[in-house]
Amino acid sequence: MNKTYEPQRIERDLYEQWERDGNFHTTAEAAGEPYCIVIPPPNVTGQLHMGHALDETLQDILIRWHRMKGDNTLWMPGTDHAGIATQARVEEHLRGEGTNRYELGRTEFLKRVWQWKEQYGNRISYQLRTLGSSCDWERERFTMDAGCSAAVRKVFVQLYNEGLIYRGTRITNWCPHCNTALSDIEVEHETEAGHLWHLRYPFADGSGYVEVATTRPETMLGDTGVAVHPDDERYKALVGKTLILPLVGREIPLFADSYVDKEFGTGAVKVTPAHDPNDYEMGLRHDLPQVKVIDNLGKMIDVGKYTGLDRYDCRKQIVADLEAGGYLVKVENHEHAVGHCHRCHTTIEPLISDQWFVKMESLAKPAIEAVKSGALEFVPERFTKIYVNWLENIRDWCISRQLWWGHQIPAWYCDDCGEMTVSETDVETCPHCHGKHLRRDEDVLDTWFSSALWPFSTLGYPQDTAELRKFYPTSVLVTGYDIIFFWVSRMVMMGLKFRGEVPFRKVFIHGLVRDEQGRKMSKSLGNGVDPVEVIEKYGADSLRFMLVTGNTPGNDLRFYWSRVESARNFANKIWNASRFLLINLEENSLSLVPSPLSLELSDRWILQRLSKTTAGVTRNLERFELGEAARLLYEFIWFNFCDYYIELTKARLYGDDAQAKSTALFVLTTVLEAALRLLHPFMPFLTEAIRQKLPNARGSIMLAPYPTVEEFADLATDDVEEIANVIFNTVRTIRNLKAELGIDSRKKAAVVLKVTRPEYAETLRAYARYIDVLAFAEPITFAETKPEHALSGVVDGLEIYLPLEGLIDVDKEIARLGKELDKLRKFAASLSSKLSNERFVSKAPASVVEAERAKLTAADEKVAALEQRIEQLKSL
RNA sequence: GGGGUUGUAGCUCAGAUGGUUAGAGUGCCUCGUUGACAUCGAGGAGGUCACAGAUUCGAGUUCUGUCAGCCCCACCA
C-alpha cells in the first residue's frame, strides 16, 4: 500500500469491476422498495462540465445510499438530441468543409448528424463513468431512439386529437441567426441602453402632425396605424383622422386603444402589427393590415431602397432620412428590455409565421394542484412558489422549430384536397380524398417536447412495461433551478396527462457551479473548469466531496481548487488511517473477534460516536442535506477516529497484552469498515478500494448494507461522552500550557492532576494513560495539594499542574490566570443573572434551566480554584 | 413592475424544530521529521453574526422595516 492515496491507479479498474459485475443493474422483479431517478439527459454530443458533475454527484449519492439500504434502485441514464445545439454544431462543421445543410439536402444532412452522434455520442457517457455514476447503463436511452420517438408520436397525436395541439399563424419569437421560431422561455430579456426616437407623422389633410415615440425606427416602414389612449384629452378630437406615413407615403389611421400608456413617450404609439407582439394584438383588434418588412434572416424586404439592408443598418439609414425630411423631433436615451436568443444571443425578431402550439392552461392546472396536494414536493421548498407562479401565468407553448434535427412533426398536407392529416404512422394516402400527393410538415419539435416525456418514455412508454409499472412515478428528480420551467414543469404536466400521476415525488433542486470570483462558468468567458481535468489530477472522490460539501440545497457554489485539495487531503487521511490498521493487522495475526471482548473507555467512546454519526448522517441524507451529512463524516473520521481514537489504540497495539491488542484491532476494524460504508455514497472509489482490503468485509461495498444505529446497538451501549470530554479537555489544557511555556509539543512534560469532582476520580485514574499519550505527558501524578512552582489550568472537575521548578515566572503566571479568571467570572455572572431571572426559571424548559445551573456550578468551581491558586502564587 | 435569494473570521461557506463561552475549510503566525498520514501533527491570532425595530425569560436562528449585492419573471412603444 502506497503512502499516499493515488486515485488514478484504482478508479478505472474499480468502475469496470462494478459494471462487469452488474452492480448498477436492476430489474423490475428485484426485491425491495422501488427507488428510481431518471437522469437529466445531457446533450448527446456535449461534454461533461461542472454543472453535470454536481448534478451527477448528488444523484449518485442518493442512488448509492438507497441501493445500500436495500431498495430496488434504478438510475436511468440517457442523452438528449438537443435539436438546435447539435444541429448548429454540425452546420458549423459543414461550413469548415465548405458546404451547408441546404446544399446537402435534408436526408443527407440528417445522415451526417447521425454520424456525428455516433462519433461523439459516447463521450459524455464515458465521462459520467469517470465520476463514478452508478447508472444502469444497460438501459441507456436517447431521446431520438425508437422508443422515445414512438412516445413522442403518440403524445403528439393524442394532444392534437384532443385539441390541445394546434397549428396557427401567430407572431412568435424568431431568431434570425438560428433561423427558427423559439418558445417564450427560450428568449432572454436583458435591459440595454437604447434610444427613444420622437417622430412626426403628418395628417393627410395637412392640419399638422402627431408625434410618436419609438425604440425601433426601422419598423416604421411596416406601420399601419398610430394608437392613442381613448381617454387621452390631447388626442380625443383627432382619433379617426388619417396620417401619412413618412418616407413611405402610406395612409394610416389614428385610432384609440386602451393598451396605450398615456404617460409614456408622447402618448402616441406607431403600430407595426407584423413586427411587434403588442402591435400585433392591436392590429387584430382594429383590423389593421400586417405589412411584413423584415425577413427570417433579419433583413429588410419589400421596402424599396431599403430592401436587403440588415435591420440595424436600415435603422441608421431610416433615422438619417427621417431627419433629412424633418420628421425627427428628438432622440432620447432610453433603457429597455430586449429579447435575445437563449442559444446564440442574437436579438430576437418577432415575426408572423405558421407554427404549432400546445394549449397549456388545462395541462397546467393539475400540475399546480400536484404541489398543493403534496403529491409533488420541491426541495428546498421555496422553488414551489416559482414553479406555481410560472404555471399560473403560462401561455401557449410554441413547439415547432424550423430545424431538421429532431422529431419531425407527424402532420401531412395533401396537395390534392388541401387537408391536413396528423397521424402516429406515416401517411401515404390522404384519408380525405385518397390522393397520393402528400407533403410532410417540414418542422421538427422543440427538444423539450421529447424531454417532457423522459420519465415515462425511458421506462418503456408507450408500451405497458414492467419497469413502467414498477418505477413510475420515479422517486426524485435532481436538477438545477435553471430548468424548472424548461423541463420540470413540462414533465409534470405530461406525466399527469399521460400517466395520471406525477413523474416524480420530489424535485431536488441545486444551484449553479461558479468560478472563484462567483461568475457563471461559460464558454465565452473561458472560465470553466473541466471536471475531467480535476478527476485526472485529484480523483473523482475529491471532486465529488468538494461539490457536495460547503453548500446548501438550491444555492450556487463556487469552485475552488483549494477545496478540491482539501477533499483530496481527506481522502489521503482515510487512506493512511486504513494503512495504519492494515499494517497492524498484518503484524498481529490475531483472531479478529476477541473473546471475551474487553472494551475500554476509548472503544466505547468511538463506538458511541459512530452510532451518533450514523444517526446524523442518515437524518441529513433523508432531508437532502448531503453537505451536512458529508461534514459529519469528515469530523467523525478526522477528528474523532484519527486524531484521538487511533492514537489511543497505539498503547495496546504496541503492548504485550494479546487480548487488549485483539480488542483494539477489532474495534478499529469495525469502526473503519462502518465509516467506509457510511462514506461510500460520497466517495465510492476510495471506500471500495480500502474495504476490499479489510478482513471483515466481502463483496462490493456498494452492495453492502448502509449502517444503521441498530447495527451498533450491542457495542455502543453506554454514553461515555461526558468523561471522554473531560479527558480531552484536560489534554487540550496541557497542550496549551506547554505551548505557553514554549515546550516542544512532542517533549514530555510532568503533569499533576488534582481531581475536584469525586465521581470522576476513579475513571480518570484508570485512564490517565490517555492523557499521557495525547498530551505527551510523563505518567500522570495525582495529588491533593497544589504544587507551587507550576503552570496551572482548570477544567470541569479537576485542576491541572505542570510543575516546572525554575522555569515559572510567577508574576506572568498570575497575570495569565487573572485574565482567565476575568473571562470565567464574566461567564459565571451572565449565568447567574440569567438564573436569578424569575421569568427565565419559570418559563424555560426544566432541562434548559438544569443545564444552565450545571454550567454555573462548574464555572463557580473553576473561579474558586483559580482564585485560590492566584492567592497561593501571590504568597510565594 | 412583481417574485426570490444572499449579507456570519482576510477569503469560501456550515450553523433542523429559537436555549453550549458562534463553527469548519482555506489563508496567516509560532513550533514540530520516534514508522498511518508534512496531502501531516500541536498551538495561536482573527467575528458587536449588514443595520434598526418587534416578539420572547432567551434571537445568528422568528417577524417588520432599511441598506447593499445577486438571480428569475414581466408585451410600456
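Each chain gets a letter, A, B and so on, in the order the sequences are listed, and its residues count up from 1.
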Separation of the [atom1] atoms in [N] and [M], to the nearest angstrom:
N     : M     : atom1 : answer
B/C11 : B/U48 : P     : 13 Å
B/A54 : B/C72 : C1'   : 31 Å
B/G46 : B/A24 : C1'   : 15 Å
B/G23 : B/A9  : P     : 14 Å

Could you check whether the side chain of A/Lys573 and the base of B/C37 have a donor-acceptor pair of N or O atoms closer than 3.5 Å, going by distance alone?
yes

Under 3.5 Å donor-acceptor pair, A/Glu625 side-chain atoms to B/A14 base atoms:
no

Return the value, rounded to whole Å, for the distance between atom [atom1] of [X] and atom [atom2] of [N].
X        : N     : atom1 : atom2 : value
A/Phe255 : B/A77 : CZ    : C1'   : 12 Å
A/His342 : B/C73 : NE2   : C1'   : 15 Å
A/Leu557 : B/C70 : CG    : P     : 19 Å

A/Lys855 side-chain N/O to B/U20 phosphate OP1/OP2 under 4.0 Å:
no

Tell me whether the side-chain N/O atoms of A/Arg563 come closer than 4.0 Å to OP1 or OP2 in B/G25.
no

If you assign each of A/Ser578 and A/Val269 to its closest nucleotide in RNA chain B, which residue comes earlier from the 5' end?
A/Ser578

When you match A/Thr214 and A/Ile583 each to their closest nucleotide on RNA chain B, which lands nearer the 5' end?
A/Ile583

Quick check on side-chain hydrogen bond (donor to acceptor under 3.5 Å, both in side chains): which of A/Thr215, A/Asn333, A/Thr214 does A/His195 satisfy it with?
A/Asn333

Within 45° of the six-membered ring axis of A/Trp575 and under 6.0 Å from that ring's centre, is NZ or CZ of A/Lys3 located there?
no

Would you mind calling B/A36 syn or anti? Take O4'-C1'-N9-C4 for purines or O4'-C1'-N1-C2 for pyrimidines, and syn is within 90° of 0.
anti

Taking a pair as Watson-Crick or G-U wobble with both distances under 3.5 Å, which nucleotide is matched to B/G7?
B/C67

Please assess A/Ile583 against A/Glu586 for the test side chain to side chain contact (heavy atoms under 4.5 Å, CB included), listing each intermediate value before the final yes or no.
CA-CA 5 Å; A/Ile583 290 167; A/Glu586 211 170 292; 5.8 Å; no

Do the rings of A/Phe624 and A/Phe508 sit parallel, tilted or perpendicular, given the 30° and 60° boundaries?
tilted

A/Tyr481 side-chain N/O to A/Gly554 backbone N/O, donor-acceptor pair under 3.5 Å
no

